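These numbers come from a predicted model, not from an experiment. Quick note on labels: first sequence line is chain A, next is B, and so on, each numbered from 1.
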Number of protein chains: 2
Amino acid sequence: MTRAELPRQHVIILGIDPGTAATGFGVVARRSGGAVSLVECGVIRTSTKAPLPKRIREIYEGVAGLIERHQPFAMSVEDVFHGKNAQSALKLGHSRGVILLAAALREVPIAEYAPRQIKKAVVGTGNASKDQVGFMVKQQLRLKDAPTPADAADGVAAALCHALMGSFPA
Amino acid sequence: MTRAELPRQHVIILGIDPGTAATGFGVVARRSGGAVSLVECGVIRTSTKAPLPKRIREIYEGVAGLIERHQPFAMSVEDVFHGKNAQSALKLGHSRGVILLAAALREVPIAEYAPRQIKKAVVGTGNASKDQVGFMVKQQLRLKDAPTPADAADGVAAALCHALMGSFPA
């Protein structure tokens with residue numbers, strides 16, 4: 001389902017959980033009344049054996065493709081790196097950079113949320129476990145099961161967070 | 001001077017010293033005999049007050065513009081982050097990611113060199129000071145003065161390193 005098929009009073013939000021090996025994404029539609037439904041979710045995977053420029057190109061093209069297909073009103077991205085390791089942070093930064101660029105080049109507004117904010121918005125507490133997040137995503141989007149794999153669920157949670165917390169045209 | 005104006009036996013190398021506030025670049029031409037000359041150097045600056053997506057878009061468009069203008073045979077980039085701070089590494093990763101992407105999307109081969117390798121290639125020792133690098137860049141490229149500012153000189157050093165160390169068509 002693409003935006004063109006949805007009634008006008010929907011806004012589409014693309015949520016992204018950045019990573020180098022696996023970038024999770026979730027696309028949700030928010031109705032003017034505030035109800036949110038899932039449009040699509042999944043994972044952009046890159047081979048750990050491929051050179052870094054090839055991997056970030058795949059991530060960039062994956063996100064650019066989602067933006068072109070869904071024409072989102074906004075992109076919502078997890079904004080803080082929790083690790084202490086500078087090398088992992090540098091690597092994650094490469095992926096995050098090309099993800100932000102995909103939106104910036106297409107004039108899509110970017111909302112950034114800390115993992116704690118996403119958990120708080122979706123579950124009600126910043127300390128929620130992965131399982132609790134999955135459960136509440138399932139409840140709020142009226143799904144039969146929580147989205148899998150976990151990276152896709154995190155992308156959906158980022159989108160849902162912005163659908164609940166962001167400002168939208170009436 | 002762009003590549004089109006140079007004799008065919010030249011190869012153009014674009015060197016980049018990635019940063020978020022200042023990305024240094026140097027463009028050199030390597031003759032088939034091995035002599036290297038400077039074509040252009042400078043710095044892509046972004047405002048620390050601008051939001052990150054705008055800044056990385058400016059870096060991406062700056063590097064993409066250099067690639068389109070000079071049609072380099074290869075891009076040479078500094079490859080290691082020396083800091084221990086994960087937040088600085090994450091930030092640098094954003095810039096580095098969009099720089100690699102600019103080359104990857106245009107099928108420009110990327111060579112990555114550690115700062116020590118660049119110093120070793122240009123000065124002869126991996127422990128060279130900034131001043132020594134500037135002096136040897138000036139000597140090797142037969143310039144009146146070392147390139148300024150330091151970020152531009154580092155971009156030129158990255159290009160010169162690949163001109164001296166890389167493999168090229170005869």
Chemist: Sort L52(A) into side chain, backbone, both or neither according to what part of it lies under 4.5 angstrom from a heavy atom of chain B.
Modeler: side chain

Chemist: Closest heavy-atom contact between A89(A) and A86(B)?
Modeler: CB-O, 3.3 Å

Chemist: Check whether more than 12 heavy atoms from other residues, nucleotides or ligands sit under 6.0 Å from atom CZ of R106(B), and answer yes or no.
Modeler: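 Result for CZ/R106(B): enclosed.
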
Chemist: Shared ILVMFWY cluster between V43(B) and L38(B), side chains joined below 4.5 angstrom?
Modeler: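 As far as the 4.5 Å side-chain criterion goes, L38(B) and V43(B) are not connected within one cluster.
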
Chemist: Is the NZ atom of K120(A) crowded by more than 12 outside heavy atoms at less than 6.0 Å?
Modeler: no

Chemist: With a sphere of 6.0 Å drawn around NZ of K91(A), does it hold more than 12 non-hydrogen atoms of other residues, nucleotides or ligands?
Modeler: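 Counting other residues, nucleotides and ligands, NZ of K91(A) stays at 12 neighbours or fewer.
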
Chemist: Tell me, out of V98(B), L105(B), L100(B), I56(B), who's got the most heavy-atom pairs with chain A below 4.5 Å.
Modeler: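 With the most close heavy-atom pairs to chain A, the winner is L105(B).
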
Chemist: With a 4.5 angstrom heavy-atom cut-off, which part of I110(B) approaches chain A: side chain, backbone, both or neither?
Modeler: side chain

Chemist: List the atom of R57(A), the atom of L101(B), and the distance in Å for their closest heavy-atom pair.
Modeler: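 The pair with the smallest heavy-atom distance is CA-CD1, 3.6 Å.
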
Chemist: Minimum heavy-atom separation for A104(A) to P53(B), with atom names?
Modeler: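 A104(A) and P53(B) have their closest heavy atoms at CB-O, 3.7 Å.
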
